[in-house]
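In what follows, a structure is listed as structure tokens, so that the remarks can point back to it.
Throughout, a chain's letter reflects where its sequence line sits, starting with A, and its residues are numbered from 1.
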2 protein chains.
Amino acid sequence: MKTVPQPTSHGSPVTEDTRAALMDAAERLFAENGLEGASVREITKTARANLGAVNYHFGTKDGLILAVFSRRLKPINERRVAMLDALEAKAADRPLPLEKVLDAFLRPMIEQQGTGLEDGQAFTRLMSRVFQEPNPQVAQLVCEQFGTIVKRINTALLKAVPTLPPDEVFWRISFLFGSAHHAIDAWSRFDTNPFARIPGAPVPRALDREALLQRLIAYAAAGIRGTST
Amino acid sequence: MKTVPQPTSHGSPVTEDTRAALMDAAERLFAENGLEGASVREITKTARANLGAVNYHFGTKDGLILAVFSRRLKPINERRVAMLDALEAKAADRPLPLEKVLDAFLRPMIEQQGTGLEDGQAFTRLMSRVFQEPNPQVAQLVCEQFGTIVKRINTALLKAVPTLPPDEVFWRISFLFGSAHHAIDAWSRFDTNPFARIPGAPVPRALDREALLQRLIAYAAAGIRGTST
DNA sequence: GTTTGATTAATACAAACGTTTGAAAATTTG
DNA sequence: CAAATTTTCAAACGTTTGTATTAATCAAAC
């Protein structure tokens, strides 16, 4: 029987324990090389840990993968729910301001990147491909985590744009998800983005977090309000 | 020295040759399990070919990967260029109709799925994750293939929406790419889409090709015209 | 100071990976 | 038909993969 250790009972922040070091290394390498492309050997070497450390702390490589995703995804989604809660509480029965709803969805994901760990940046690249991830365990986790959010966004959008046909919302949310994740990915590796270097292609300006957020919100708001076809 | 055979000088369409069978199997398995997740052994078994067939016909697994992408990507992008050419020829000096520009970009990708081979559907799922692909050869191919398109779309959008600041276009194109690929992916596997089954989540309607296309165009057009912030 | 439990470390293992090889089979060419 | 070329095939190669094992090291509790 495998005894899974507690996540450091005292949590000394001075020296990062092996568990966290593994997750940090894994997050970065997963983002760079993909879930299958990053080997346990590479991860443990980067984390300056022993080869067996992954299996000891997370049971299996899949366990590490799930832990990496959970660590970032949970706080993001909790913050989203909290912001939506606050929004709906304040609005009472009046229609929600669409831009605020979009802000509640997008801001936690975008701001998550600056919590001190520079590895946070790597996670957004993971996020943008998380929906296509073949790993069934990851797919289930993502589905669970995002299920709540999708539901909340759905009702919020209906309250924000009452004229929107209910079975249209699914597609608008799909569009929103797609543009958000794609753009954040492009933004997070802006300097190495191949499209940013194509001569004759649109010359982009490096944006700060807030500017990207505002552009995303403006784009999505216009698209969701849409023109009645 | 390796003699790479010609792609079947006569191209008998009756019985599919090994080369094409390999690409079909690979396309499907790449879409299902990822580029690294689909093994040469699995591919050759699915294609009912010998294990060495991939290395004989494509040199290496990477060669097969590139061939799979090229086969679909090239005709799509050629059609896009042709449609944009026709559009600009007809418009002369007048501003291009934005919806038509978006149609020229989106339609070839969406309609490509119905060319008889049901595997065409698998490719769109490949497309949606092609931008995050860690494989450097794939990244370069994608960059080459999309480079032309991005440039063309850029100038077309500027001619369609003259009030748009030039360094905004990059981001709007990013949003467009993101929403398009994400939505097409969600659409192509609509029946197994986890989000379509979440109780309380937006109930989507299965769309036909044209309806999806029109929704995408409407959404992107509204977003790109945007509200001047 | 010894015992106890948690962690690290080095090594081993079987399975799966992409690729190579050389001979058989099939096909095309003269 | 014979010669030449292309394609298939079965077997094996050397790596690399994730995981299991067993002993050594460490920190705290008694």
Side-chain angles (χ1 to χ4, degrees), chain A residues 1-12 14-26 29-30 32-68 133-138, chain B residues 1-26 29-30 32-68 134-138:
Chain A
M1 156 136 146
K2 186 129 298 153
T3 62
V4 173
Q6 297 295 89
T8 63
S9 51
H10 58 298
S12 73
V14 173
T15 171
E16 188 182 39
D17 62 335
T18 308
R19 227 185 112 87
L22 285 173
M23 292 172 76
D24 289 341
L29 292 172
F30 285 156
E32 281 175 18
N33 311 326
L35 261 46
E36 308 235 23
S39 67
V40 174
R41 287 175 161 79
E42 202 180 356
I43 293 169
T44 50
K45 204 170 72 180
T46 303
R48 267 187 276 274
N50 186 266
L51 173 56
V54 164
N55 298 90
Y56 176 73
H57 285 282
F58 302 96
T60 155
K61 184 187 177 182
D62 270 7
L64 171 60
I65 293 175
L66 291 185
V68 166
E133 201 49 61
N135 186 318
Q137 303 220 58
V138 174
Chain B
M1 158 140 149
K2 185 130 299 154
T3 61
V4 173
Q6 297 295 89
T8 63
S9 51
H10 58 299
S12 72
V14 173
T15 170
E16 188 182 41
D17 63 333
T18 307
R19 227 186 113 87
L22 285 173
M23 292 173 76
D24 288 342
L29 293 172
F30 285 155
E32 281 176 18
N33 311 326
L35 261 46
E36 308 234 24
S39 68
V40 173
R41 288 176 157 80
E42 203 180 354
I43 292 169
T44 49
K45 203 170 73 179
T46 304
R48 267 187 276 275
N50 186 267
L51 174 57
V54 164
N55 299 93
Y56 176 74
H57 284 282
F58 301 95
T60 154
K61 185 186 177 182
D62 270 7
L64 171 60
I65 293 176
L66 291 185
V68 166
N135 186 319
Q137 304 219 58
V138 173

Quick check for you: among [options], whose closest atom lies nearest to any side-chain atom of [X]?
{"X": "B:Asn50", "options": "C:dA12, D:dG18, D:dC9", "result": "D:dC9"}
{"X": "A:Ser39", "options": "D:dT17, D:dT19, C:dG18", "result": "D:dT17"}
{"X": "A:Arg41", "options": "D:dC9, C:dG18, D:dT17", "result": "D:dT17"}
{"X": "A:Leu51", "options": "C:dA12, C:dT19, D:dT7", "result": "C:dA12"}
{"X": "B:Tyr56", "options": "D:dT6, C:dT8, D:dA12", "result": "D:dT6"}

So how far is it from [X] [atom1] to [Y] [atom2], rounded to the nearest 0.5 Å?
{"X": "B:Asn33", "Y": "A:Glu133", "atom1": "CG", "atom2": "CD", "answer": "11.0 Å"}
{"X": "A:Ile65", "Y": "A:Gln137", "atom1": "CD1", "atom2": "CD", "answer": "8.5 Å"}
{"X": "A:Thr46", "Y": "A:Leu29", "atom1": "OG1", "atom2": "CG", "answer": "4.5 Å"}

The answer to which of B:Arg48 and A:Thr60 contacts DNA chain D further toward the 5' end, by nearest nucleotide, is B:Arg48

Quick one: [X] [atom1] to [N] [atom2], roughly how many Å, whole number?
{"X": "B:Ile65", "N": "C:dT19", "atom1": "CD1", "atom2": "C1'", "result": "14 Å"}
{"X": "A:Ile43", "N": "D:dG18", "atom1": "CD1", "atom2": "C1'", "result": "11 Å"}
{"X": "B:Phe58", "N": "C:dT19", "atom1": "CZ", "atom2": "C1'", "result": "16 Å"}
{"X": "A:Asn55", "N": "D:dT17", "atom1": "CG", "atom2": "P", "result": "14 Å"}
{"X": "B:Glu42", "N": "C:dC17", "atom1": "CD", "atom2": "P", "result": "8 Å"}
{"X": "A:Lys61", "N": "D:dT16", "atom1": "NZ", "atom2": "P", "result": "15 Å"}
{"X": "A:Leu64", "N": "D:dG18", "atom1": "CG", "atom2": "C1'", "result": "12 Å"}
{"X": "B:Glu36", "N": "D:dT16", "atom1": "CD", "atom2": "P", "result": "14 Å"}

Can you tell me if A:Thr18 touches the phosphate of C:dT7, counting only side-chain N or O atoms and a distance under 4.0 Å to OP1 or OP2? no

Presence of B:His57 side-chain N/O under 4.0 Å of D:dT6 phosphate oxygens OP1/OP2: no

Spell out, as yes or no, whether a donor-acceptor pair under 3.5 Å connects the side chain of B:Lys61 to the backbone of B:Leu35. yes

Using a 4.5 Å cut-off on heavy atoms from C-beta on, say whether the side chain of B:Thr44 contacts that of B:Asn50. no

